[in-house]
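Following: one structure in structure tokens, then a few remarks.
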Amino acid sequence: MAKKVYVGLSGGVDSSVTAALLVEQGYDVTGVYMKNWSKDLPGFDCPWKQDYQDAKRVAVQLGIPFKLYDFETEYRAKVVDYMVAEYQAGRTPNPDVMCNQEVKFKLFLDTALADGADFIATGHYARVGRDLGREVGSPDGAIARDPHYSSRATLMTAANAEKDQTYFLYRVTEEALSRSLMPIGEFASKAEVRAKAAELGLSTAAKKDSQGICFVGKVGIKDFLLHELGQQPHGRIVDQNRATVGEHDGAIFYTIGQRHGLSVGGGLPYYVVGKDMAKNEVSVTTDLQDTRLWRNQLTITDLHWINQAPELGKTYQARTRYRAPLVECQIYLEDGPIDTNLARATLDLTDEIRAITPGQSAVLYDGNRVVGGGIVV
RNA sequence: UAGGGCGUGGCCAAGUGGUAAGGCAUCAGUUUUUGGUACUGACAUUCGGGGGUUCGAAUCCCUCCGCCCUAG
């Protein structure tokens, strides 16, 4: 009997092709639309109904069952509230990391398993490796014997390095990975994904790529925060010589490395290098070599390792922002055992990298394998 | 008030007789499942106001206005 897979159908091409591929491979596939957000905001109509229709249409085309999981309450609590609280604290959170950790690979996974699924699948550009244990995920079920978390799964980068999304997935657990399929990770390019969709006649073949979070992008994070938190106290913008060069409309709206949005002109561009939430001050610089903009060491907390903690002193590659280049690094303990979530760790980088930002994640790679990472302090 | 300097788009800033460089900001796109970065495009019929000289001025002259520095 074929293994049951619940595919998260977002209404986009990637998840559509994911479902199609699994059908081709002989799985017993069910499509699920996760309703995480449906609220309209000023000047923006949430596209969830359209996405839902697109997802359903694909399910019909593929001849698979289709379900709706309503996670709005949990998404609000785990992702949106977290995001807003982080911004209020002066940090720059990454909601998509939290969405994957809490919603897609926890809530969705658990709900699907409870529904009778053997696996879940998503349209992520990433790969799940099964090389550390018994193989799971073959359609006939012959290899995966233990129905629950039997295998040692690893998170591997996508074949298409340009589109790789493992940066958003490093907080997923090994158990969740062992129950996950990400066939899109094998594609060498987005064009091939679209070509496959077109070949199968999927209605989403030419649909434009969407944002990770529906209200960010169309509305913009600043407007969203204004909507959530209201107007913020204005404060000074101070340059590298401590001279006041302008006024900001709320320090929480700015992030390290940011250039636009300051409305301060004259000479060279200004980049944000720091925020003092107590003074409500935003520090900027026109000096691209400013030492506050470049660092070769950082501290991370809220550590999460997918399979096992990294080896101290070993050279890994690190990424501190999505799509940022990888930098070689070594990891050291700051205090406590490295494999606990309470510990902090220090990363020594071989090269200085720009705009290391509290709240963002530092993800460690060992070649193509994602080791894990933490939140920048 | 004398002596000197200055006033070019939101901000810097070229241009001193030949018909308004450039940068920043801003706006619009592109790239991007966060934020940001980067890239592309748009952006002064006009040079503090008024008058004059000239075929022609932001550039020369006169005058008014506003700044800055030095003079007790």
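Naming: A, B, ... by sequence-line order, numbering from 1 per chain. What you see below is based on every heavy atom in this structure, not just the backbone, and it leaves out hydrogens, waters and symmetry mates.
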Relative to its sugar, using the 90° cut-off around 0, the base of B/U54 is anti
dist A/L107:CG -> A/Y69:OH (nearest 0.5 Å) comes out at 9.5 Å
_What's A/Y87 touching, base or sugar-phosphate or nothing? Going by heavy atoms closer than 4.0 Å._
sugar-phosphate
Tracing side-chain contacts under 4.5 Å among Ile, Leu, Val, Met, Phe, Trp and Tyr outward from A/L288 reaches A/Y271, A/V273, A/L293, A/W294
Margin query: Hydrophobic clusters here meaning ILVMFWY residues chained together by side-chain heavy-atom distances under 4.5 Å, can you tell me if A/I331 and A/L333 are in one?
Written below: yes
- prompt: Counting distance only, does the side-chain N/O of A/T357 pair as donor-acceptor with the main-chain N or O of A/Q360 below 3.5 Å?
  reply: no
Sticking with atom C1', work out how far B/A44 lies from B/U19, rounded to a whole angstrom.
15 Å
Separation of B/U34 atom P from A/R323 atom CZ, nearest Å, is 9 Å
Per nearest nucleotide of RNA chain B, the residue lying toward the 5' end, A/D164 or A/R321, is A/D164
| message | Taking the ring centre of each residue, are A/Y254 and A/H260 less than 6.0 Å apart? | response | no
Residues 155-191 of chain A vs ring-ring contact (aromatic ring centres under 6.0 Å, His included), sequence neighbours excluded, gives A/F168-A/Y322
Residues in residues 288-300 of chain A with a heavy atom under 4.0 Å of RNA chain B, by number, are none
Taken to the nearest whole Å, OH/A/Y322 to C1'/B/U34 is 10 Å
- Report yes if the side chains of A/L349 and A/L298 come closer than 4.5 Å at any heavy-atom pair, otherwise no. yes
Please report the distance separating the C1' of B/G50 from the corresponding atom of B/U40, rounded so that it comes out in whole Å. 43 Å
Whole-Å distance, A/K275 NZ to B/G36 P, equals 12 Å
At under 4.0 Å between heavy atoms, what does A/H260 touch on the DNA or RNA strands: base, sugar-phosphate, or nothing?
sugar-phosphate
Separation of B/U34 atom P from A/N94 atom CG, nearest Å, is 8 Å
Atom CH2 of A/W37 and atom C1' of B/U34 are separated, to the nearest Å, by 15 Å
Q) For atom C1', what is the distance between B/U46 and B/U32, given to the nearest Å? A) 40 Å
Query raised in the report: Thinking salt bridges, do A/D14 and A/K190 make one under a 4.0 Å N-O criterion?
Result: yes
Do the charged groups of A/E352 and A/R292 touch, with an N to O distance under 4.0 Å? no
**Prompt:** Would you say B/G35 has OP1 or OP2 under 4.0 Å from some side-chain N or O of A/K222?
**Reply:** no
Taking for A/P269 and for A/H124 the nucleotide of RNA chain B with the nearest heavy atom, the one nearer the 5' end belongs to A/P269
Whole-Å distance, A/Y82 OH to B/U34 P, equals 15 Å
A/D96 CG to B/U32 C1', in whole Å, measures 11 Å
Rounded P spacing from B/A58 to B/U8 in Å:
15 Å
With the side chain defined as heavy atoms from C-beta on, A/T255 is closest, among B/C24, B/U34, B/G36, to B/G36
Do NZ/NE/NH1/NH2 and the carboxylate oxygens of A/K78 and A/E74 come within less than 4.0 Å?
-> no
Encoded 5' to 3' (Watson-Crick or G-U under 3.5 Å; [ ] crossing; | other strand), RNA chain B becomes ((((((((.[[[..)..(...]]].(((((.......))))).....[[[[[..)....]]]]]))))))).
Taking B/U33, B/G36, B/U37 as options, the one with an atom nearest any side-chain atom of A/R259 is B/U37
Heavy atoms under 4.0 Å, any strand shown: does A/Y271 hit a base, just sugar-phosphate, or nothing? sugar-phosphate
To the nearest angstrom, the CG-P distance between A/L268 and B/A13 comes to 12 Å
What nucleic acid atoms does A/Q258 come within less than 4.0 Å of, heavy atoms only: base, sugar-phosphate, or nothing?
sugar-phosphate
Hits for salt bridge (Lys or Arg N to Asp or Glu O under 4.0 Å) against A/D40, two or more places apart or cross-chain, chain-then-number order -> none
Residues in residues 351-367 of chain A with a heavy atom under 4.0 Å of RNA chain B, by number, are A/T357, A/Q360
Handout entry: A/D54 bridged to A/R57 by N-O distance under 4.0 Å
Key = no
SB check A/E281 A/R236 (cutoff 4.0 Å): no
